[in-house]
Amino acid sequence: GAGVSQTPSNKVTEKGKYVELRCDPISGHTALYWYRQSLGQGPEFLIYFQGTGAADDSGLPNDRFFAVRPEGSVSTLKIQRTERGDSAVYLCASSPSIVHEQYFGPGTRLTVT
Amino acid sequence: DQQVKQNSPSLSVQEGRISILNCDYTNSMFDYFLWYKKYPAEGPTFLISISSIKDKNEDGRFTVFLNKSAKHLSLHIVPSQPGDSAVYFCAAKETSGSRLTFGEGTQLTVNP
């Protein structure tokens, strides 16, 4: 079946602009996660959804970052007033439940100029 | 603080030989451990996992060993193949939690 998909694959934006990154999880997966991976580092947790609600958003670095999952499927990560330090690969993952392994999408490479 | 550490940024082995990738952790609450493989421009792909109630889990050419007293785990790949060349990430999770905590990754190169 189809895996996790993320759009766009690449996004270049100017400092101060607003961006939205989209994630389509595997069908039927109730848990959805966002991670951020900087060059030479492992992925870092941002936020976790169980269904429509954000069950854990403690990884969001500041209030410029926000994520939604209004119908319990597709999720959007929103970044306001982007900064150059936000440049990274943003990864989305889904799983049938929190006790299972997480399946990752290909990521969105965000570059803030 | 880095709760999961992979101290070797890179490892090079000959095709057919064993690859051993190591990972250390500091958080005693971690009780589920996973290895992911990542190719360039792709997301991490789940490889193998182990629960803290076990000390070994095997799946084909891949075996993960867990030493809880040393807070150390390792991934053995035997025999290694050129297609195994990728970045390998160790990750850990608490029973009560959902997030994965990743190490920095080890670039494995298997030479033909």
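In what follows, chains carry the letters A, B, and so on, assigned in the order in which the sequence lines appear, proteins first and then strands, with residues in each chain numbered from 1. Reckoned from all heavy atoms, side chains included, excluding hydrogens, waters and symmetry mates.
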More than 12 heavy atoms of other residues, nucleotides or ligands under 6.0 Å from CZ of B:Phe62: is that the case?
-> yes
Got a donor-acceptor contact below 3.5 angstrom from the A:Glu101 side chain to the B:Leu47 backbone?
-> no
Within 6.0 Å of NZ in B:Lys5, more than 12 heavy atoms from elsewhere = yes
In Å, rounded to the nearest 0.5 Å, how long is the span from CG of A:Leu46 to CZ of B:Arg99?
-> 9.5 Å
Looking only at A:Pro43, A:Pro106, A:Ser97, A:Ala55, most heavy-atom pairs under 4.5 Å shared with chain B are made by A:Pro43
Identify the two heavy atoms, one from A:Gln37 and one from B:Phe89, that lie closest to each other, and give their separation to 0.1 Å.
-> NE2-CZ, 3.3 Å
Same apolar cluster: B:Phe30 and B:Leu66, side chain cutoff 4.5 Å = yes
Hey, any chance B:Tyr88 and B:Ile48 share a hydrophobic cluster, counting ILVMFWY side chains that come within less than 4.5 Å of each other, even indirectly?
-> yes
Under 3.5 Å, is there a donor-acceptor pair between the side chain of A:Tyr35 and the main chain of B:Leu100?
-> yes
Without swapping roles, check the side chain of A:Tyr48 against the backbone of B:Gly97 for a donor-acceptor pair under 3.5 Å.
-> no
Checking A:Ser9 against chain B: side chain, backbone, both or neither under 4.5 Å from a heavy atom?
-> neither
When hydrophobic residues are tied together by side-chain contacts of less than 4.5 Å, even through go-betweens, does A:Ile47 share a cluster with A:Phe104?
-> no
Could you give the distance from CG (A:Leu32) to OG (B:Ser98), rounded to the nearest 0.5 Å?
-> 11.0 Å
How about A:Glu20: does its CD atom have over 12 heavy atoms from other parts shown lying under 6.0 Å from it?
-> yes
